[in-house]
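Read the structure below first, then the notes.
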Amino acid sequence: MLRPAYKSLVKTSLLQRRLISSKGSKLYKPSPDSTGTILMSEEPLVAASSSTTSPPSGIIDTNDFSLFNNNNRKNSSSNSSTPYQWKNSSDLDFDPFNKSHASAITTMTRTRDVMQLWSLLEACLQSNLMKRAFSILESLYLVPEHKQRFIEDYNMYLNAFSRNEPNFPILKMNEKLTNDLETNFKDINYNDKTLAIMIHHSLRFHASASSMLLKPTISAYFKMSVNGIREILSNLDILTISDLNLLVNDLRVISLSQLPSSVKPILESLAPSSSPVNNNQNEDGSKNLEAENNSKNEKNLDASLGSMKTPSLESLRDVPLGGSTGVLPKDAEKLIAVDTIGMRVIRHTLLGLSLTPEQKEQISRFKFDANENVLNMKPTKDGDDSDTSINFFEIYNSLPSLKEKKAFESALNTFNQDRQKVLENRATEAARERWKHDFEEAKARGDISIEKNLNAKLWKWYNNMLPLVQEEINHCKSLSLERPSPSDKKHLNKVETNRLDYGPYLTLIDPGKMCVITILELLKLNSTGGVIEGMRTARAVISVGKAIEMEFRSEQVLKSESQTFRDVNKKSPEFKKLVQNAKSVFRSSQIEQSKILWPQNIRAKIGSVLISMLIHVAKVFVQGVDPITKAKVHGEAPAFAHGYQYHNGSKLGVLKIHKTLIRQLNGERLIASVQPQLLPMLVEPKPWVNWRSGGYHYTQSTLLRTKDSPEQVAYLKAASDNGDIDRVYDGLNVLGDTPWTVNRKVFDVVSQVWNRGESFLDIPSAQEEMVLPLAPPRNSDPSILRAWKLQVKTIANKFSSDRSNRCDTNYKLEIARAFLGEKLYFPHNLDFRGRAYPLSPHFNHLGNDMSRGLLIFWHGKKLGPSGLKWLKIHLSNLFGFDKLRLEDRVAFTESHLNDVKDSAENPLSGERWWTTADKPWQALATCFELNEVMKMDNPEEFISHQPVHQDGTCNGLQHYAALGGDVEGATQVNLVPNDKPQDVYAHVARLVQKRLEIAAEKGDENAKILKDKITRKVVKQTVMTNVYGVTYVGATFQIAKQLSPIFDDRKESLDYSKYLTKHVFGAIRELFHSAHLIQDWLGESAKRISKSIRLDVDEKSFKNGNKPDFMSSVIWTTPLGLPIVQPYREESKKQVETNLQTVFISDPFAVNPVNARRQKAGLPPNFIHSLDASHMLLSAAECGKQGLDFASVHDSYWTHASDVDTMNVVLREQFIKLHEIDLVLRLKEEFDQRYKNYVKIGKIKRSTDLAQKIVKIRKDLSKKLGRSTTLADEIYFEKKRQELLNSQLVEDRKVGEKMVTTVSLFEDVNDLDALELENGGDEHSGSSVLLPLRLPEIPPKGDFDVTVLRGSQYFFS
Amino acid sequence: MSIPIPGIKDISKLKFFYGFKYLWNPTVYDKIFDKLDLTRTYKNPKELKVLDLYPGVGVQSAIFYNKYSPKQYSMIEKRSSLYKFLKANLEDSPLQILKKDPYDWSTYSNLINEERIFVPEVQPPDHINDTFLTVANVTGEGSEGLIMQWLSCIGNKNWLYRFGKVKMLLWMPSTTARKLLARPSTHSRSKCSVVREGFTDTKLVAISDADELKGFDSQCLEEWDPVIFSAADMWPTKGKPIALVEMDPIDFDFDVENWDYVTRHLMILKGTPLSTVMDSLGHGGQQYFNSRITDKSLLKKRPLDLTNEEFIYLTKLFTEWPFKPDILMDFVDMYQTEHSG
DNA sequence: GTATTCTCTACCGACAATATCACTAACTATGGG
DNA sequence: GGGATAGTTAGTGATATAAGTAATAGAGAATAG
């Protein structure tokens, strides 16, 4: 049958029409009259005004939930302590807390340009392209909205200028500043940072050419201070420690107390033994500044320093003062390696512990040099490991006393701090070194070895690529020098024009590093994106670009860090700690400052330039057969090739990797290509203190994984700056602080299996070639040819997915190997709903069963009285028996003790009982422990490292039941105490069975056939996904998959599935009726919100006066204060030209209408997930407080066996706390408040009075305007009215009150629902009008008392 | 006895189908059949069997039958309303109406092999089959793929082309006709026009919009001298213009699979000269072809400029390439499913 | 005012079509007064 | 030197691409009328 056209043709054309719809393009050039407020994207799009005016109140700032205790729905809205922070502030602005939609449209347009300029400015300054930088400044100056923040950009420039021209005399510098600010940038005033730069410059100039002017000049600058001297001094990114030392100890123009607290201890220790004379003198003058200057960071540091002992003067006496300021380090890398002090001390500390002679021997031999011992990444043969590295975990475990353990950990931590730094900063160099090493070794053995050894080959590529990159950089540099102004593009060919775009960025990073990164990225991307032997070009260029940017960022942090602290030589570990701490605070602030991200198109361009160079140089030796002579032919071919593939008529750019290389990659250990910056950490992650500071030390990450949505960032930043989400940080920091180590026993088993190359559990086997069926003759029937093609495709896809699967396992394994015996941490951040994920990809506890099996807690805890029981239960759970009574689960394990023993002692050669588990690797890990326990006389003394899980039974439904107060639902998901756990899936299966039986009796054929085939498994997935709003069609597929083994015919199986799905849906709806009411309410609310219009939307943005673009996304606040913004909007993608091809990437700055459908479908699951995330974070924080090691996989909470009881209490209490108030009601109130003055388009009966009045207004208006009115006009007038009503002037308000608009008419209407016509009602006489947005009434709450779950042992089990 | 031809009044009552259009004006049909001069090929129309795919309302079918009175005239129409319409109009006529799906390959094997309702004669490839003619209307917007598949069937000598060189009279959107008939070095030159060149001798017979002619090669137009009619002569009158082409299979002798790969990949960068574009055929392609192409002026051409002869030449070189890529693996897997219960 | 046409298709982590041509606005260069 | 005009180019929008619609089909929303 001919298919309708829309599927293929119209679909694409529509997509295209949308992406190029006039909106997107017009935004680049905002109309000159659009004068929005200043809202750059890094500025709070959310009410800056409200956060400053409204006192922190409500749930966000209160540390307990007492304010939540209002269980009475009717009362709570009038309660003065409202649950959301913004309620108090709504009197200023007519809608104070949401500037993101409408204003964004006018302001974001320019934001985009500014962002691009910024990023270019930063790049130019780093590359010392001062002229071009200055011209960018001039452009930025012209953006009116940007004026307020312009001084920051100027400071950036001035600082670079000073750095570039250290010998620019003090007076001349002053002249320049004056000139710039008085003539070039008239409207701009300096700030304290400007002064800091001037002071720094003066000091430096003085150091090389001593000047009489120094002291008076500096004093003058201090006097010019805008916000006080402390403010100037807080610019640690400008003023170095030696600057401060000069100021405090030599020139004595300032006192110690004026310094930022993070560096005070250092300066104190640097001071001459007689305390500074002028301490008191200045203190008075700066006292009033102290209060306002206390930034959060300082507070934080104070806390951490408070517990630290200040170093005695004794130990610091020989620290040289940073007297000479010398030339700036051009090459920051050199500075990195210096940091090896104190390692002897560590060794001494360690040797002082009770160790076996072997351990002592090991430690004496071990070089405590972070640079040489980053991780065990050397591709040595198995078994060699012990020679070069230490198993810290074993030593730690063998230490007898707690005291010694503490000492050991402390020493290890000091060592690891350095290693972490190296790991994050020097990893590319490490890779390069390894390649070189292997190359030289191979070379000694002859040419063939080089070809055989992957690393040697990479070294060759690297060497060939490097000159190309250098040449390109030179091109870029000379081009930039020739053409300082970016707009001056004449006489340039295409290549050069492009070069002008990416040049400033490309020159930022060491060419060698870029080569390494490019090579590593491409190897990593092998077999991704559905490409058989290669990857998608688009993905490749962006990944490389991103990796380069990431490298740049961490280099930046490192550079400024070493500049500020460069004169501080560390002698004692105590002092070192001091510096380490000051540095970490410093890093936080630095990372935070680097606000500018490279534009996506730049990333793509850079990536493509590098990749095309690699393609050019990377060669492999290949063998082939000459088709004519049949002779074997050898030759050299490019390792990578750029080409295209089609999919459904769409082109797809691909980078193919040569078969030869692929084969080699499959046999290699891939550790060399893991992105080193994102490995697990060796030390505790930097705690989260604000939205973009936390996690890795040098690598920037943000708290939330935003989907390129400025809106999300804006709300997050506002909340973060407001201090509203500190409790989120608390929970997240607990997760990050849990130390882990690799389970050596499990690792050994995995490793054995892996090396055999056979398929085992979910590890696919290592296949060399795929076997394809013989092609049918060409003139066979088309259907036969097609079937064969399909077959080939399926086989190839299976092959390819197996390979990428194996590759993934390879990564996991190699990371695990690298961390054998190490103490490791997983820094976490959140997805946009607030769920926590580890930042490090590949290998973490959220991974598959194998990853989880490979991880155990670093800390061991004695099993104690209940630990053994939980360990046994855990094993039973892992075998899938998680719906038995606890005692039955214990019994299960006890009945299999022999199997446990066999599994632990002969995991591969024995009966392999463990492989029959649901989660075999974790089961194996547990068997290992249980087997050890059984050897003990007193099991309670056994020290356990195994995480034991407690999982919520259908956690989503648990939250729904609590929300709806639904007794029946609550019972089903174990919120109600019961002597045995309820099994939802089994129960649904029974219900379906019952329905089928009834239907069968009525003679339903389908029911007769299906009725005995309903198992728990058939319905499980559908019940689970039902919470996520699975559709009828989707569920049918799921069920069909389960049913397919029963029916031979696929078509038949699908037909039955369709039938069955109806019953399953019916059964679920019946069982969780209340949950569905809430789901429906959430969906309906989301729909209405995303179809609503903000009044202050620029009425000009109505293209068609009656059809506005809907811009409001659904936004809410979690109980922890985290603002959630659903990011679902229409996509707008653009083609961006790169060296290789154009790539199609989304434009992150475009402001697009919301995708109402996704908003609606997403709210129910997202809201629930935001709640389970809150529950988890609350539990994490509390567990952390109680000293537990805690980890989680969303709704599965992990801790030591001995602590399970404690954790169980905590998580129940937190759940109760969470649900003590009516969260649905709270959500509705928040919506009502947030979307207060929004309107929607609806229909009312034309015959009503109201409709008549509206018609009259329209008529009058139409006469006045001389044209027919539109809804846009009505919005305009209503907006005017609202403005008047909110005016400061009484007269205005009076005018506003008298004003009648089509919207104001509805103010007197109480029952909007009665008035409004439903869609498609049989009334033909409805007329479209603007109605105030009203949300549906929330469904009634049942009687379930959430506190009863205190007693439910199967709530989580 | 002649078969009644449905008039515009009758057919305009039917709703339309995704851009499916047809000429209804009998006078234009007269011109078209004059132009086609089918008796040149079918010397003895009484022996002719005609397979009419998507006959629509059957205007053309009726006119054809009245003109030539073939031995068998079978219409295959799946769409219910049209099928009913045909049934009602041609109830007692010798025209055969079958409610089958022309899109489905199995329709033909049933018709020919199993049910033996329509059994054409196999004829040797030295001439156009003179007892079997296919007529089709594939003017629907989404059905271009079907035409392309039929074309590739000519290359495979399967489907209806196992009966020899079977002529086809094919209605299609004029944009499709333009693509198919594009000559080298023209904007519209694309892979499918190379395919057309490789497997068929195709002529434009009629077109519904004079404006459309500017998209075609003027020299060819002179030769074809197509019948031009107006939008008013077709139904529905609005919508994109349509064209009728006459498609005769020709002899060819080259490695179709490799040729397919080479043309497909080269035509992606159809504006890039062969001196740089060959790398997109596989690892080291440029180097290899540089060494093999003797006529260096060929390297200056763009894929767009190449005749099929030249593509065949490149294909020959390609098949002789020791390191040529696996042409079977030329696809991506977009739908890896993850997550199971 | 209804009927046809189009668009999805369970949430999150997650990760993406591209080449070419026509057209236009904006800018550059030119040659003549 | 100024203004007009031809020529150039950057940027955007439109369209074609492959060729059994991936396994699938019915509901609900958007749009045309």
Side-chain angles (χ1 to χ4, degrees), chain A residues 3-4 6-8 10-17 19-22 24-25 28 489-490 497 528-529 536-539 542-543 600 644 646-653 705 707 782-783 786 789-790 793 831-833 835 837 841 846 956 1021-1022 1024-1038 1040 1050 1054 1058 1131 1133-1135 1141-1146 1156-1158 1161-1162 1164-1166 1168-1169 1194 1319-1320 1323-1326, chain B residues 15 18 103-105 142 144-152 175 179 187-188 190-192 264 267-272 304 333-335 337 339:
Chain A
R3 276 291 174 117
Y6 56 82
K7 267 251 169 161
S8 52
V10 185
K11 186 176 177 182
T12 43
S13 70
L14 264 184
L15 173 79
Q16 285 166 357
R17 198 188 314 149
L19 95 242
I20 38 191
S21 71
S22 50
S25 56
Y28 291 92
K489 283 185 178 173
K490 51 191 162 184
T497 331
T528 56
R536 295 185 184 188
T537 316
R539 172 109 192 259
I542 289 170
S543 295
Q600 194 84 326
Y644 299 87
Y646 276 108
H647 182 258
N648 281 345
S650 304
K651 296 170 185 120
L652 196 72
R705 303 184 182 199
K707 297 182 173 265
S783 55
R786 168 169 150 70
K789 270 190 200 164
L790 223 66
K793 241 184 185 175
D831 72 12
F832 76 86
R833 293 97 39 93
R835 280 190 161 193
Y837 300 83
L846 259 74
Q1021 197 188 5
T1022 305
M1024 255 164 33
T1025 54
N1026 185 66
V1027 185
Y1028 306 134
V1030 73
T1031 58
Y1032 173 72
V1033 179
T1036 307
F1037 284 125
Q1038 294 167 3
R1050 223 170 32 79
L1054 208 66
K1058 273 191 289 191
E1131 253 186 323
K1133 287 182 167 179
K1134 291 171 55 182
Q1135 280 180 261
Q1141 60 173 73
T1142 71
V1143 290
F1144 198 49
I1145 46 186
S1146 66
R1157 195 191 187 109
R1158 301 239 289 145
N1166 289 339
I1168 295 300
H1169 283 162
H1194 307 318
N1319 263 7
E1323 292 281 345
H1324 303 291
S1325 51
Chain B
K15 51 178 197 169
Y18 310 113
Y103 186 86
D104 197 339
W105 301 120
E144 198 186 59
L146 189 53
I147 299 174
M148 301 308 167
Q149 285 167 47
W150 289 348
L151 258 178
S152 77
T175 50
K179 280 191 304 200
H187 162 53
S188 306
S190 64
K191 179 168 181 272
C192 67
R264 181 167 60 244
M267 288 308 270
I268 291 170
L269 295 164
K270 59 181 174 185
T272 315
L304 177 91
D333 176 20
M334 302 281 281
Y335 322 100
T337 44
H339 207 62

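Just so it is clear: chains get the letters A, B, ... in the order the sequence lines come, proteins before strands, and each one is counted from 1. Just the heavy atoms: all of them, side chains too, but no hydrogens, waters or symmetry mates, feed the values below.
Stacking here means ring centres nearer than 5.5 Å and ring planes tilted less than 30 degrees, and by that measure A/Y1032 does not stack onto D/dA27. Applying the 5.5 angstrom centroid cut-off and the 30 degree plane-angle cut-off, the aromatic ring of A/F1037 is stacked upon the base of D/dA23.
The gap from the P atom of C/dT20 to that of C/dA16 amounts to 23 Å, rounded to the nearest Å. Spacing between C/dA14 and D/dA19 at atom P, rounded to whole Å, works out to 33 Å. Going from the P atom of D/dA22 to that of C/dC12 covers 23 Å, rounded to whole Å. Separating the C1' atom of D/dT31 from that of D/dT15 is a span of 23 Å, rounded to the nearest Å. Comparing the C1' positions of D/dA25 and C/dC11 gives a spacing of 24 Å, expressed to the nearest Å.
Distance from the side chain of A/Y646 is smallest for D/dA18 among the nucleotides D/dG20, D/dA18, C/dC11. Of all nucleotides listed (C/dC11, C/dT18, C/dA16), C/dT18 comes nearest to the side chain of A/Q1141.
Counting distance only, with no hydrogens placed and no angle test, the side-chain atoms of B/E144 and the base atoms of D/dA19 include a donor-acceptor pair under 3.5 Å. Looking at A/Q1135, its side chain comes within 3.5 Å of the base of C/dA19 through a donor and an acceptor atom.
The CZ atom of A/R1157 sits 13 Å away from the P atom of D/dT31 (whole-angstrom rounding). Taking atom CZ on A/R536 and atom P on C/dA14, their separation rounds to 16 Å, with Å as the unit. The NE2 atom of A/H647 sits 13 Å away from the C1' atom of D/dG20 (whole-angstrom rounding). As rounded to whole Å, 10 Å separates atom P of D/dA23 from atom CG of A/N648. Here C/dC11 presents its C1' atom at 11 Å from NE2 of A/H1194, a figure rounded to the nearest Å. Rounded to an integer number of Å, the gap from A/R705 CZ to C/dG13 C1' is 6 Å.
A centroid separation of 6.0 Å or more is found between the aromatic rings of A/F832 and A/H1169.
Looking at heavy-atom distances under 4.0 Å, A/K793 makes no contact with the nucleic acid at all. B/H187 comes within contact range of the sugar-phosphate backbone alone, with a heavy-atom separation under 4.0 Å but no base atom that close. Using a 4.0 Å heavy-atom cutoff across all strands shown, A/L790 reaches sugar-phosphate atoms only and no base atom.
Taking A/K651 as the reference, nothing meets the salt bridge (Lys or Arg N to Asp or Glu O under 4.0 Å) condition, with sequence neighbours excluded.
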Under the side chain to side chain donor-acceptor pair (under 3.5 Å) criterion, do A/E1131 and A/S1146 qualify, and how do the steps go? CA-CA 7 Å; A/E1131 253 186 323; A/S1146 66; 5.1 Å; no

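Here the straight-line distance linking atom CZ of A/R539 with atom CD1 of A/I1145 works out to 14.5 Å at 0.5 Å rounding.
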